[in-house]
Chemist: 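Handing you this structure, nothing more for now.
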Amino acid sequence: MNASFSTPTTLSPIIQPIPNRNNRFATTVPSCTASTFDPSSQISNNNHSPPLPNNIKDEARRHPAAAHDFTAKYVPFNAGFDSAESYSLDEIVYRSRSGGLLDVQHDMDALRRFDGAYWRSLFDSRVGKTTWPYGSGVWSKKEWVLPEIDPDDIVSAFEGNSNLFWAERFGKQFVGMKDLWVKHCGISHTGSFKDLGMTVLVSQVNRLRRLNRPLVGVGCASTGDTSAALSAYCASAGIPSIVFLPADKISTAQLIQPVSNGALVLSINTDFDGCMKLIREITAELPIYLANSLNSLRIEGQKTAAIEILQQFNWEVPDWVIVPGGNLGNIYAFYKGFKMCRDLGLVEKIPRLVCAQAANANPLYLYYKNGWKEFKAVKATSTFASAIQIGDPVSIDRAVHALKNSDGIVEEATEDELMDAMVQADSTGMFICPHTGVALTALIKLRKNGVIGPSERVVVVSTAHGLKFTQSKIDYHSGAIPGMGRFANPPVSVKADFGSVMDVLKDFLLSKSPKYK
Ligand SMILES: Cc1ncc(COP(=O)(O)O)c(C=O)c1O
Ligand SMILES: N[C@@H](CCOP(=O)(O)O)C(=O)O
């Protein structure tokens with residue numbers, strides 16, 4: 001069973017009085033004009049079927065939403081609203097003057113002119129439509145993402161709006177829970193949550209190129225998912241992309257994605273951390289824009305997954321959200337999405353966050369365990385959760401902030417644990433990636449030690465599609481991994497005759513139902 005978005009079944013609730021920006025109630029919803037933009041006017045657009053446009057971008061041009069009050073800028077990470085240091089989003093800047101991280105800061109006073117009920121209705125009204133660009137789960141929250149970008153500059157595959165799966169059987173059978181959910185961010189255009197951030201980053205690059213900023217291409221270091229998303233969105237916009245991949249450390253399915261999308265693919269004889277160091281040096285020298293989550297534009301898109309979860313629960317807040325962590329941008333993105341919803345009155349609290357790491361790549365876990373006393377990067381070793389084989393995460397400060405401010409926890413998963421959890425989840429009808437296995441292991445451990453109660457509502461974030469990681473599943477089920485395979489379900493070779501097939505089937509049926517004779 002999937003939770004559905006709370007799209008109203010009739011239009012009346014969303015054209016009922018909605019506070020306008022003067023906090024008065026409009027009895028009829030004003031229509032959108034070029035000179036004044038009121039997002040409520042977009043709600044009214046759902047009231048009748050418009051004539052069919054030539055295409056959805058033409059239609060968007062006929063309803064321009066250019067003049068508006070919402071703005072955003074870069075500030076040093078964790079700076080207050082009075083920060084003396086800030087940068088326009090049209091500048092090419094990744095680091096603060098002191099060398100720290102940046103954050104996209106929204107004009108919260110402008111957003112606050114609309115109350116929580118208003119934003120909930122607006123976001124709900126956009127789900128499941130093809131209206132450009134709001135049909136995207138990311139751009140349906142445009143005012144909170146990149147408020148000033150022209151819809152014409154947006155590069156979108158209508159990403160987001162991923163399903164929130166009620167993990168009924170896994171919950172009951174493996175963790176004794178009835179309110180367990182999996183947010184399938186990997187069921188997406190390029191098969192991972194990276195699409196959510198990349199649509200934002202590549203759209204802004206598209207705008208910067210139109211503004212004649214000196215940008216020839218976009219580049220990233222990757223363990224396979226960022227490169228897939230970057231190359232797809234760039235290819236869609238006709239922008240050159242360059243990806244730095246650690247040689248022999250990503251899956252074949254992930255490697256063929258940027259190859260297919262026409263990226264320049266550099267296979268480099270180092271690990272992800274080595275590739276990350278190189279791309280940072282290169283982008284400081286050449287007109288190549290940096291697309292890793294060090295670039296805070298990515299976080300703006302990724303945070304919409306948190307908003308979506310609340311929306312899918314009809315704006316009820318789950319008790320826990322568990323996210324697998326590597327370079328650590330995503331755990332902060334979830335925190336930021338939840339926090340904005342609380343600060344703008346859509347909900348009253350935020351969930352507790354859990355970041356789950358592979359034991360072979362666990363610098364955040366070690367930091368947490370030593371009471372946040374001293375952070376040390378580690379040399380990450382090989383893990384089946386290959387996309388999080390990262391020892392020196394660029395967003396460490398963001399992750400610590402997210403966890404400290406959400407009463408968060410960090411857990412880890414050994415190779416055995418993460419693969420068993422993945423295989424068990426698959427046996428209940430999912431087909432998840434090993435990173436989701438890491439997150440499920442964290443859940444199993446937190447249930448065992450009683451930190452998470454049996455009736456709490458928990459969301460496990462699934463970050464990539466299992467089809468990208470079939471080799472690890474094949475190895476597990478075929479017994480090719482020494483010491484692993486407790487829950488293996490290998491294919492049965494059987495002779496092509498009736499008797500042999502009957503023998504196998506009788507054994508199978510007996511094992512399922514002892515009453516069968
Ligand atoms: C499939 C998958 N899961 C989880 C992560 C971790 O996300 P983050 O790097 O934002 O912590 C990544 C990438 O790092 C990933 O590709
Ligand atoms: N798993 C990532 C690692 C890089 O993370 P990013 O979010 O900083 O780009 C990948 O797929 O490359």
Side-chain angles (χ1 to χ4, degrees), residues 94 101 183-188 190-198 200-201 218-232 243-246 249-251 253-255 257-258 271-277 279-280 290-299 301-303 305 322-336 353-358 361-365 380 383-396 398-400 402-403 410 413 418 422 432-440 442 460-469 472:
Y94 315 115
L101 294 161
K183 176 69 172 163
H184 277 296
C185 294
I187 301 180
S188 178
T190 70
S192 87
F193 72 95
K194 306 286 180 177
D195 293 345
L196 305 175
M198 211 52 86
V200 175
L201 185 135
V218 191
C220 71
S222 184
T223 52
D225 290 325
T226 297
S227 44
L230 175 65
S231 56
V243 304
F244 288 19
L245 305 180
K249 290 189 175 64
I250 71 170
S251 76
Q254 289 172 311
L255 174 61
Q257 289 185 285
D271 55 11
F272 171 80
D273 297 302
C275 289
M276 191 70 224
K277 183 169 176 290
I279 192 80
R280 283 169 71 170
L290 179 65
N292 285 99
S293 59
L294 176 67
N295 187 323
S296 43
L297 290 175
R298 285 266 313 280
I299 307 291
Q302 289 170 211
K303 79 182 181 198
I322 307 179
V323 186
N327 221 11
L328 300 181
N330 212 29
I331 185 77
Y332 176 66
F334 272 89
Y335 169 74
K336 189 169 183 184
L353 297 180
V354 178
C355 189
Q357 292 211 295
N362 63 353
L364 180 74
Y365 177 76
T383 167
F384 285 104
S386 54
I388 53 176
Q389 190 185 330
I390 297 172
D392 193 7
V394 298
S395 284
I396 182 71
R398 290 176 176 144
V400 173
L403 291 160
V410 188
L418 73 91
M422 175 186 78
I432 58 166
C433 68
H435 320 84
T436 311
V438 172
L440 285 172
V460 169
V461 176
S462 179
T463 43
H465 203 295
L467 284 171
K468 288 192 178 201
F469 299 94
S472 60

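Counting starts at 1 for both ligands and their atoms, following the listed order. We count residues from 1, following the sequence as given.
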Chemist: If the contact criterion is a heavy-atom separation under 4.0 Å, does Gly329 count as touching ligand 2?
Modeler: no
Chemist: Counting each atom of ligand 2 from 1 as listed, which ones have a heavy atom of Ser222 under 4.0 Å away?
Modeler: 10 (C), 11 (O), 12 (O)
Chemist: Out of Ile299, Val323, Asp225, whose heavy atom is nearest to atom 16 (O) of ligand 1?
Modeler: Asp225
Chemist: Which of the numbered atoms in ligand 1 are below 4.0 angstrom from a heavy atom of Thr463?
Modeler: 1 (C), 2 (C), 3 (N), 4 (C)
Chemist: Which is it for Ile388 and ligand 1 at heavy atoms under 4.0 Å: side chain, backbone, both or neither?
Modeler: side chain
Chemist: Heavy atom of Lys194 under 4.0 Å from ligand 2?
Modeler: yes
Chemist: Regarding Lys277 and Asp392, does a basic nitrogen lie under 4.0 Å from an acidic carboxylate oxygen?
Modeler: no
Chemist: State the CD1-OG distance between Ile322 and Ser462, to the nearest 0.5 angstrom.
Modeler: 12.5 Å
Chemist: Tell me: protein heavy atom nearest atom 8 (O) of ligand 2, and distance?
Modeler: Ser293 OG, 2.6 Å
Chemist: State whether the side chain of Ser231 and the backbone N or O of Ala228 hold a donor-acceptor pair below 3.5 Å, judged by distance alone.
Modeler: yes
Chemist: May I ask whether Ser227 places a heavy atom under 4.0 Å from ligand 2?
Modeler: no
Chemist: Where's the contact between Asn327 and ligand 2, heavy-atom distance under 4.0 Å: side chain, backbone, both or neither?
Modeler: side chain
Chemist: Output the list of atoms in ligand 1 that are nearer than 4.0 Å to some heavy atom of Pro324, sorted by atom number.
Modeler: 4 (C), 6 (C)
Chemist: Which ligand 1 atoms does Ala464 reach within 4.0 Å, using its non-hydrogen atoms?
Modeler: 1 (C)
Chemist: Look at atom 8 (P) of ligand 1 and say which protein heavy atom is nearest, naming residue and atom and giving the distance to 0.1 Å.
Modeler: Leu328 N, 3.4 Å
Chemist: Is the backbone of Thr190 close enough, under 3.5 Å, to the side chain of Gln257 for a donor and an acceptor to pair up by distance?
Modeler: yes
Chemist: Is it the side chain (CB and beyond), the backbone, both or neither of Met276 that lies under 4.0 Å from ligand 2, heavy atoms counted?
Modeler: neither
Chemist: Find all atoms of ligand 2 within a distance of less than 4.0 Å from any non-hydrogen atom belonging to Ile390, and give their numbers and elements.
Modeler: 3 (C)
Chemist: Does Arg298 reach the main-chain N or O of Leu201 with its side chain, forming a donor-acceptor pair under 3.5 Å?
Modeler: no
Chemist: Please determine whether any non-hydrogen atom of Lys194 lies less than 4.0 Å from an atom of ligand 1.
Modeler: yes
Chemist: Answer yes or no for Gln254: is there a heavy-atom contact with ligand 2 below 4.0 Å?
Modeler: no
Chemist: Less than 4.0 Å is my threshold; does some heavy atom of Val394 fall inside it relative to ligand 2?
Modeler: no
Chemist: Are any of the heavy atoms in Cys433 under 4.0 Å away from ligand 1?
Modeler: no
Chemist: Which ligand 1 atoms, with their elements, are less than 4.0 angstrom from a heavy-atom of Gly329?
Modeler: 8 (P), 10 (O), 11 (O)
Chemist: What residue and atom, counting heavy atoms only, is the protein's closest point to atom 7 (O) of ligand 1, and at what distance?
Modeler: Phe193 CZ, 3.5 Å
